[in-house]
Amino acid sequence: MDITIAGMLAVDGLTNGAIYALLGLATVMVFVVTRVIFIPQGEFVAFGALTLAMFIDHKVPGTVWLLLIMAFAVALQEGIGVLRSGATVKQFLKCTVKPLLIPVITAGFSIWLAPYDLPMWSMVSLSLALVTAMGPLLYRLAYQSLESATPLVLLIVSVGVHFALTGLALLFFGPEGFRNPAFWDERLQIGAVPINGQAVIIFVTALLFILALWYFFGNTLFGKALRATAVNRNGARLMGISTHTAGQLTFTLAAFIGALSGLLIGPTTTILYDSGFLIGLKGFVAAVIAGLASYPGALVVALGVGLVEAFSAFWASAFKEVIVFALILPALWLRSRHVTDDEEEH
Amino acid sequence: MKLKQTLVAFATFGAVSTAAWADINIGVNLSLTGGGAALGLPMQSMIKTFPQSIAGEKVNVIILDDASDPGKAAQNARRFVNQDKVDVIFGANLTPTTMAIGPIATEAKTVQISGAPGKDGEFVFILPQGFNVMAHAMMQHLKAKGVKTLGFIGYSDGYGEGWLKAMEPMLKEANIKLVGVERFARTDTSVTPQALKLVSANPDAVLVVASGSIAPMPEIALRDRGYKGLTYQTHGAASPDLMRIGGKAVEGTFLVSGPAIFADKLPDGHPSKPVSIDFAKKFKEATGSDKLSPFAGHAYDFIVVMEKAVPIALKKAKPGTESFRLALLDALNTMGRTVISHGVMNWSASDHWGYTNETGVMVVVKNGSFEVLK
């Protein structure tokens, strides 16, 4: 192996690593705010990529119907809740219309615009909007009523949600795979190492997004509210921060990150309805090694996972997955040595 | 309540078994739901075109869904042999489900004709081509092209392994050197590292063993890294998805496949041509689609095989009896060369895979579509 090949492998590894980093950040964020280990994070990746692929084919994406079904289910859930508490007609309408509003508008636009030749940016925005709108609905449907349950219960719910979403993805997208056209077809050269435009886009977008997240958590009211919820739920509630809102906001962000990752990775590989799981799982590995607590930790580990993956695929492709997932064992062992007996009692 | 249910069950059982005495009963087990449904559904449409009668005997076809689950497939097979007393079982369409049926069929001395590669047995016949039949056609082409070194990149599962095992001894015999064996998984996000390694070994040809819309991925990565040699694909990649995803990168790719899905594109001399054209016609009638499913081809071939074997067996025994089932087994073992849409079949008592080497067809990707090589 010479330096050129090592360079190419590094670029390939870091490109995938940047995607894992985004997903790892989302996993950490969801966990600290809601204590949900969000296994279905990867599903949003497949949804994002496949939704865009459908728009490119001038078809109405399956996510539209999924979004509408979820929105009506939430409206039903809210409606029943309000009726039970004996509310007025006005309150009933307010509660049921609110969750329907954004999904119906987004879905309406998608159905209306899908047959036309749209510019790339509008297809991308529609795909992002469709998948992102699912985030809060998913939280409302699956997790909100279990907010105070133990992390173990929430984990089991996550497994269920994962299987449900994979099955629905097969139903709405079919078994065929799609590879989206590259957003930027340029070929660049850094020293002897060729880099394609898509890799540059992935790096730049991931970096900008991470900076934006940093700003959001550090300087905005909503970001601070999420951080407060992460630090102490009861304390945050006493200060008037709704845990419902915090959870829904977190899931909105998580869905957005997933969809964005899907759009970024779509042009570099064939995405199938079930591709998202393994991609998300690598982000999850990074998040776990970072202790499900540290954002910079998850970022660095995710890039490392990408690199290890690329180099092990070069040296021993048959064992690539084994090597990547086996990484988690020594990391967990090392971490557990730092935990004192006192902490373990919790 | 219990008693009532039992009585009803007995009544139905009685009705079914009297019907079974006179007619030929065929049990069909397919995955109509679950992960294998994409394969099972076109097979079901094809099976529904089964003739009403063969040689004057009425035919009943019972179709059950195994939900892509081996446990359910075994349960269905038990129902076929115990309750419906079928004369022959067709199915399943996945390897794990078909292997669940085999032992039950054998125990009941009932022939099973499998629509998926699995384990053959005294009563178990396999319709899909084995790896070695396909590898044979590919080897002929590799030798004709004067290939001396070959790189391999395939799925890290049974499909990749099966191809590698079939190719290795043939390559050795032809004195072609295997210079790189790389693996990847269906859901991998990048095959660049594997492609880099193969490109640095610079073989004359690279064999990609993958399926459907994933198969073009290694080729795109190879061409991206400046690979200039020949590329080969297997029958798992024989679908328009190869060109839809691969575009320019798969232009000039050689591919081996069964003849079923090429129909009128086959060269005039190919024995399967008329059968394959008939399959295409029936498939269009049954599904309204032009995109031929190779899996539906197996269902079509099952009908062809039955139309040949059942009349032979009928001369010896009446349907619904053990002697008829044994006569059917004997007919399948001895009926000799049978041309079906997927190739030329020659089952014998010692070989229940049985394709002859006339089966594999080499095609090349030209201007974004498959063109059959003479």
Side-chain angles (χ1 to χ4, degrees), chain A residues 1-2 4-13 15-17 19-20 42 45-46 53 57 166-167 170-171 174-181 187 194 196 199 261 265-266 268-279 281-282 306 309-322, chain B residues 33-41 68 151-157 160-161 164 180-201 210-221 224-226 237 239-247 249-250 291:
Chain A
M1 180 163 78
D2 58 25
T4 318
I5 289 183
M8 288 184 196
L9 288 175
V11 168
D12 186 62
T15 317
N16 285 325
I19 300 287
Y20 302 154
V45 176
D57 271 6
T166 318
L170 176 61
L171 182 69
E176 284 163 335
F178 291 90
R179 188 183 177 116
N180 295 333
R187 298 188 154 272
N196 56 29
S261 313
I265 208 164
T268 64
T269 182
T270 306
I271 298 281
L272 299 146
Y273 71 94
D274 61 348
S275 296
F277 178 59
L278 217 58
I279 303 172
L281 210 54
K282 283 172 192 152
E309 195 184 28
F311 281 89
S312 55
F314 184 82
W315 288 119
S317 55
F319 300 104
K320 188 193 77 176
E321 234 65 287
V322 182
Chain B
T33 53
L39 288 61
L41 289 171
S68 312
F152 176 100
I153 175 161
Y155 277 170
S156 50
D157 65 5
E161 195 62 23
L164 187 62
V181 176
E182 296 299 318
R183 296 300 173 79
F184 73 109
R186 207 171 64 96
T187 49
D188 275 1
T189 47
S190 162
V191 283
T192 308
Q194 290 94 324
L196 275 173
K197 192 150 184 207
L198 283 180
V199 171
S200 57
S211 61
S213 44
I214 305 296
M217 251 174 73
E219 282 202 67
I220 296 171
D224 255 8
R225 299 298 155 203
S239 85
D241 284 341
L242 183 69
M243 285 77 76
R244 179 172 63 87
I245 305 271
V250 298
K291 196 182 161 191

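Values below: all heavy atoms of this structure, side chains included; hydrogens, waters and symmetry mates excluded. Worth saying up front: this structure is predicted, and the values here are computed from it rather than measured. Quick note on labels: first sequence line is chain A, next is B, and so on, each numbered from 1.
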Open item on the list: Quick check for you: to the nearest 0.5 Å, what is the distance between A:N16 atom CG and B:S190 atom OG?
Closed with: 5.0 Å
TODO: Measure the shortest side-chain to side-chain distance between B:D188 and A:K320 over non-hydrogen atoms and say whether it is less than 4.5 angstrom.
DONE: yes
TODO: Answer yes or no: is there a donor N or O on one side and an acceptor on the other, between the side chain of B:T187 and the main chain of A:S275, under 3.5 Å?
DONE: no
Open item on the list: Determine whether B:T192 and A:T268 satisfy the following criterion, side-chain contact (heavy atoms from CB on, under 4.5 Å), listing intermediate values before the conclusion.
Closed with: CA-CA 10 Å; B:T192 308; A:T268 64; over 6 Å; no
Open item on the list: Tell me the closest heavy-atom pair linking A:A313 and B:P193, and the distance in Å.
Closed with: CB-CB, 3.6 Å
Open item on the list: What's the separation between atom CG in B:D241 and atom OG1 in A:T270, rounded to the nearest 0.5 Å?
Closed with: 9.5 Å
Open item on the list: Is the terminal nitrogen or CZ of B:R244 (NZ for Lys, CZ for Arg) located under 6.0 angstrom from the six-membered ring centre of A:F178 and within 45° of that ring's axis?
Closed with: yes
Task: Interchain contact, B:T189 with chain A, by part (heavy-atom threshold 4.5 Å) - done: both
Task: Flag side-chain contact, heavy atom, 4.5 Å: A:P194 against B:R225 - done: yes
Task: Exercise: identify the closest heavy-atom pair between A:G177 and B:S213 - done: N-OG, 2.9 Å
Open item on the list: At a 4.5 Å cut-off on heavy atoms, which part of B:I220 comes close to chain A: side chain, backbone, both, or neither?
Closed with: side chain
Task: Residue among A:I265, A:D274, A:I19 with most heavy-atom pairs under 4.5 Å to chain B - done: A:D274
Open item on the list: I'd like to verify something: which residue of B:R186, B:K197, B:E182 has the highest number of heavy-atom pairs under 4.5 Å with chain A?
Closed with: B:K197
Open item on the list: Measuring only between side-chain heavy atoms, which start at C-beta, is B:I245 closer than 4.5 Å to A:E176?
Closed with: no
